[in-house]
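The block underneath contains the structure these notes are about, expressed in structure tokens.
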Amino acid sequence: MQSFNWNLPTEIRFGSGKLAEAGAVCRRFGTRCLVVSTATTPWLHALLERVQGILSTAGIAMTHFDGIRANPTTEQITAGAALARRFRAEMVLGLGGGSSMDAAKAIAVEATHPGSSWDYLWFRETQPTEQTLPVVALTTTSGTGSQVTQVAVVTKADERCKSAIYNDMILPRVAIVDPELMCSVPRRMTAFTGFDAFTHAFESSLHPGCHGLIDMMAREAISLVLHWLPKALDHGDDIEARSGMALADTLAGLCIRSAGVTLPHGMAMAIGGMYPGVAHGQALAIVYPAFAAFTADAAPARFAWLARQLDPSLHGAADAVAAARSASLINDFIVRIGISDKLSNVGVPRDELDSLAAACMVLSDYKNNPRVATAEEMRALVLRSW
Ligand SMILES: [Fe+2]
């Protein structure tokens, strides 16, 4: 068995009603809190009022930055960091889905370091220090796993480029995962984020850094998504389904915290960078059938296991036979959850496919795939997804 190191600095507070613990959690880090979210909707406004009450009871003053949008940009981070400094925030609370939590992490860096968040990307020599403000993640979706990862995805709009800060300094100190907050997530967002959780688990299981503990969590996360996501889509207020998805998301986040993602995420990051209107989970759904067809032969046991989860009649079949069915079965699942799509339907012009394929090879994720695509194969993968 492969040897491994394991540490999990993020404290996880999981379960219905855990929101009530936010005051005691945040009080550890000071008395001034910047809350970061996307634009305030009536639902978010009501939640913010609850959060404000909980923090206030714990003796914490808060200010709210709602300037984050899906695929948060460096400009949005800079505006949030400026507010954090003006308010003299001692902690940053990311309230929402991946965009809000990732933005909170990037703001925690930019508010305490010279330059912008873009200067602290994963490959830079300069990295976030212990000056980084403590981050608390209060997740309201089930999919990005951001509440337990050291990753903050940011987009530089003028360069049409999406990249990430990757450093333990931005790991949330505490993740509050309260499934009650997820019951009103719209159906399409539930499907996108739920599929994202599935991909985190599956890609981690393919990653060279996968070990026994990750394998166990990945299998459980995948089984949970396959069982609970269709139920959460049918009945958004089913707390058992939302809890199952919240657990899947957290397990899958722990998988990427320790292993990582592969080819599909490299492609989805490129799509999101060049076409910010395409949601992350949507981009993943677009590329997954092509990725599975391309990769299954290189990891037959993994793909066969997944195929059997999706179609139990394959339990008696040989790995090669089951793995060969995986691309079509994954596609069926994507259709079933209502997010099947093509690049041509989401505004990607054919004459940009070559530059998109080149962008898919900028991040190193594709190199962690069991089968590493050449430039020509990447163009074929992009074309097949178009
Ligand atoms: Fe993801």
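When a residue number appears, it is its place in the shown sequence, counting from 1. Computation of the quantities below employed the complete heavy-atom set of this structure, encompassing side-chain atoms and omitting hydrogens, waters and symmetry-equivalent molecules. Numbering of ligands and ligand atoms starts at 1, following listing order.
Applying the salt bridge (charged side-chain N to carboxylate O under 4.0 Å, His left out) test to pairs two or more places apart or on separate chains, those with a residue in residues 163-172 are Asp168-Arg257.
Using the six-membered ring where Trp is involved, His265 and His200 have ring planes that are tilted, between 30° and 60° apart.
Stacking of Arg32 on the aromatic ring of Phe87 is recorded, both the 6.0 Å distance cut-off and the 45° axial limit being met. Both tests pass for Arg160 against the ring of Tyr275: distance under 6.0 Å to the centre and angle within 45° of the axis.
Partners of Ser56 under the side chain to side chain contact (heavy atoms under 4.5 Å, CB included) rule, at least two apart in sequence or in another chain, do not exist in this structure.
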What donor-acceptor contacts under 3.5 angstrom involve side-chain atoms of residues 106-120, with partners at least two apart or in another chain?
unit_1: Glu110; atom_1: OE1; unit_2: Ser117; atom_2: N; d: 2.7
unit_1: Glu110; atom_1: OE2; unit_2: Thr78; atom_2: OG1; d: 2.8
unit_1: Thr112; atom_1: OG1; unit_2: Ala108; atom_2: O; d: 2.8
unit_1: Thr112; atom_1: OG1; unit_2: Val109; atom_2: O; d: 3.0
unit_1: His113; atom_1: ND1; unit_2: Val109; atom_2: O; d: 2.8
unit_1: His113; atom_1: NE2; unit_2: Thr129; atom_2: N; d: 2.9
unit_1: His113; atom_1: NE2; unit_2: Thr129; atom_2: OG1; d: 2.9
unit_1: Ser116; atom_1: OG; unit_2: Trp118; atom_2: N; d: 3.1
unit_1: Asp119; atom_1: OD2; unit_2: Ser116; atom_2: N; d: 2.8
unit_1: Tyr120; atom_1: OH; unit_2: Pro114; atom_2: O; d: 2.5

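The number of protein N/O/S atoms found under 2.8 Å from the Fe ion (ligand 1) is 4.
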